[in-house]
Asks: 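Have a look at this one.
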Amino acid sequence: MTKYGSFPGARPRRLRTTPAMRRMVAETRLHPADLILPAFVREGISDPVEIGAMPGVYQHTRDSLKKAAVEAMEAGVAGIMLFGVPEESKKDAVGTAGTDPDGILQVALRDVRAEVGDDLIVMSDLCLDETTDHGHCGVLDAEGRVDNDATLERYAEMAQVQADAGAHVVGPSGMMDGQVGVIRDALDQVGHEDVSILAYSVKYSSAFFGPFREAVGSSLKGDRKTYQQDPANSRESLRELALDLEEGADMVMVKPAGPYLDILAKVADAVDVPVAAYQISGEYSMIEAAAARGWIDRDAAIMESLTGIRRAGANMILTYWATEVARKL
């Protein structure tokens, strides 16, 4: 005799039966316009230099950077975030190269804007760490501590020269108290009211930044624990977020992304501005290293990691795979 009712009536597997079915009911989708490409431009090199700890990522020349920007634009990537790497001899205690109109980052901004116009959002890292001989994100006081308010004066000048050079968006990443408000005021005072601020509102003092230090030729002595956030803390992030919004941030960021998806979700639930997440160098390098050893499926892991970040609430993802992934999408 046939028995009925002894098996489940609800079978969620019905919606997983085929690729077409799974695609139709997918709750989270990646799109090229969700992606932003971080890119490094290095002064004084004639050919791109591959970053040892980040296989497939390069310190660009001015010419190869322009090519990378065009490729990102043609793939449908939303934006490019530029980091400048000056010659070692041009680093000093106050990061003069960061406010020199002819510093490598400012030159690169002009190059890229001339190449892509308004068809790709050109963003600039607004921080002193690449240009200081001590590698910290700000000016040091007589005791070797980062002087918050003296650093804000340098950030104001940096914002103005980066905007003059063509940045659509500036990304203050130094985690100084009050940085967004000072930068907003500095931009407005010189007629750059339309330049947006992508605030690094939540930036943790993370072990996953390691490969990035090679990418920017960091001269860091010590650590950044007195200004970047403690990985153990969550409420602290929401306080930083509220302050940045009050000071005029147009967009906010969580960095790193993968290890902090819980924080990303809280931020996304709390705000009514676009939310970015930065899939940082260590996240990239772990996947590439494991894939190179045959331990994971590289392409599947890349897509899964980005989907997870998007699912947690990011509207935009900074990722070194931006152009590659955009082409596949």
Side-chain angles (χ1 to χ4, degrees), residues 16 18-19 22-23 26-42 47-60 64-65 67-83 85 203-218 231 253-265 276-329:
R16 304 174 194 150
T18 66
R22 294 191 293 274
R23 185 170 62 249
E27 299 173 27
T28 303
R29 302 182 195 278
L30 285 173
H31 188 277
D34 300 333
L35 307 176
I36 298 166
L37 176 68
F40 308 100
V41 57
R42 178 176 166 185
D47 295 295
V49 176
E50 188 171 22
I51 299 162
M54 300 177 69
V57 179
Y58 292 81
Q59 293 174 325
H60 285 287
S64 69
L65 176 66
K67 180 181 178 183
V70 170
E71 290 174 348
M73 177 184 68
E74 292 175 344
V77 170
I80 186 168
M81 173 69 80
L82 301 185
F83 297 84
V85 184
K203 183 177 180 182
Y204 283 94
S205 180
S206 172
F208 293 97
F209 285 127
F212 179 87
R213 307 243 163 93
E214 178 186 345
V216 296
S218 175
M253 186 192 292
V254 175
K255 181 179 182 181
Y260 297 93
L261 294 181
D262 60 325
I263 306 299
L264 174 58
Y278 197 147
Q279 186 182 51
I280 66 168
S281 59
E283 298 175 70
Y284 172 93
S285 296
M286 286 193 302
I287 290 176
E288 290 287 356
R293 287 160 175 77
W295 295 341
I296 59 173
D297 180 324
R298 176 184 181 274
D299 291 352
I302 290 170
M303 297 303 290
E304 184 176 339
S305 68
L306 292 171
T307 301
I309 295 166
R310 185 78 177 82
R311 188 187 64 243
N315 305 109
M316 304 167 289
I317 305 172
L318 285 84
T319 175
Y320 299 99
W321 291 301
T323 302
E324 175 187 343
V325 169
R327 286 170 174 160
K328 292 175 181 176
L329 293 173

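Owing to the predicted nature of the structure, the values given are computational and were not obtained by experimental measurement.
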Asks: Determine whether Pro259 and Phe208 make a side-chain contact, defined as any pair of heavy atoms from C-beta on separated by less than 4.5 Å.
Replies: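 In contact.
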
Asks: How long is the span from the OH atom in Tyr278 to the OH atom in Tyr320, to the nearest 0.5 Å?
Replies: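 Output value for this atom pair is 3.0 Å.
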
Asks: Inspect the surroundings of NZ in Lys328 and state if more than 12 heavy atoms from other residues, nucleotides or ligands are less than 6.0 Å away.
Replies: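 Atom NZ in Lys328 is crowded, with more than 12 foreign heavy atoms closer than 6.0 Å.
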
Asks: Would a distance-only check, ignoring hydrogens and angles, find a side-chain to backbone donor-acceptor pair under 3.5 Å from Tyr284 to Pro55?
Replies: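 Between the backbone of Pro55 and the side chain of Tyr284 there is a qualifying donor-acceptor contact (under 3.5 Å).
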
Asks: Do you know which two heavy atoms are closest between Asn315 and Asp34, and how far apart they sit?
Replies: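 Looking at all heavy atoms of both residues, the shortest contact is O-OD1, 3.7 Å.
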
Asks: How close do Gly258 and Glu283 get, heavy atom to heavy atom, and via which atoms?
Replies: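 For Gly258 and Glu283, the tightest heavy-atom pair comes out as N-OE1, 2.7 Å.
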
Asks: Identify, with sequence neighbours excluded, every residue that meets side chain to side chain contact (heavy atoms under 4.5 Å, CB included) alongside Ala312.
Replies: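 Scan of Ala312 (side chain to side chain contact (heavy atoms under 4.5 Å, CB included), adjacent residues dropped) gives Leu261, Leu264.
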
Asks: First locate atom CZ of Phe40, then atom CD1 of Ile51, and finally report the distance between them rounded to the nearest 0.5 Å.
Replies: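 Phe40 CZ to Ile51 CD1: 5.0 Å, rounded to 0.5 Å.
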
Asks: Taking the six-membered ring of Phe209 (Phe, Tyr or Trp), confirm whether the NZ or CZ of Lys255 is under 6.0 Å from its centre and within 45° of its axis.
Replies: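 Relative to the ring axis of Phe209, which defines the angle, Lys255 lies outside at least one limit.
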
Asks: Can you measure from CZ (Arg310) to CE (Met316) and round to the nearest 0.5 angstrom?
Replies: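 If I round to the nearest 0.5 Å, the distance is 10.0 Å.
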
Asks: If every non-hydrogen atom of Leu35 is compared with every non-hydrogen atom of Ala322, which pair is closest and at what distance?
Replies: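 Looking at all heavy atoms of both residues, the shortest contact is CD1-O, 3.6 Å.
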
Asks: Can you tell me how far the OH atom of Tyr260 sits from the CD1 atom of Ile280, to the nearest 0.5 Å?
Replies: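 Tyr260 OH to Ile280 CD1: 8.0 Å, rounded to 0.5 Å.
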
Asks: Scan Ile302, Val77, Leu306 and name whichever one has a side-chain contact (heavy atoms from CB on, under 4.5 Å) with Thr319.
Replies: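 Single pass found, and it is Leu306.
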
Asks: Provide the closest heavy-atom pair for Met303 versus Leu329 in the form atom of the first, atom of the second, distance.
Replies: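 The answer is CE-CD2, 3.7 Å.
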
Asks: Just to verify, what does Arg327 make a side chain to side chain contact (heavy atoms under 4.5 Å, CB included) with, not counting sequence neighbours?
Replies: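 By the side chain to side chain contact (heavy atoms under 4.5 Å, CB included) rule, Arg327 matches Glu71, Ala75, Thr323.
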
Asks: If you compare all heavy atoms of Ala68 against all heavy atoms of Leu37, which two are closest, and at what distance to 0.1 Å?
Replies: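 Result for this residue pair: O-CD2, 4.5 Å.
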
Asks: Evaluate the side-chain proximity of Arg23 to Arg29: yes if any heavy-atom separation is below 4.5 Å, no if none is.
Replies: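 The answer is yes; the side chains approach within 4.5 Å.
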
Asks: Between Gln59 (side chain only) and Pro48 (backbone N and O only), is there a donor and an acceptor less than 3.5 Å apart?
Replies: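 No, Gln59 side chain to Pro48 backbone: no donor-acceptor pair under 3.5 Å.
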
Asks: Kindly give the heavy-atom pair with the smallest separation between Met81 and Ile36, and that separation in Å.
Replies: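 Scanning both residues completely, I find the closest heavy atoms to be N-CG2, 4.1 Å.
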
Asks: When rounded to the nearest 0.5 angstrom, what is the spacing between CG in Leu65 and NE2 in His60?
Replies: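 Going from CG on Leu65 over to NE2 on His60, the span is 6.0 Å.
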
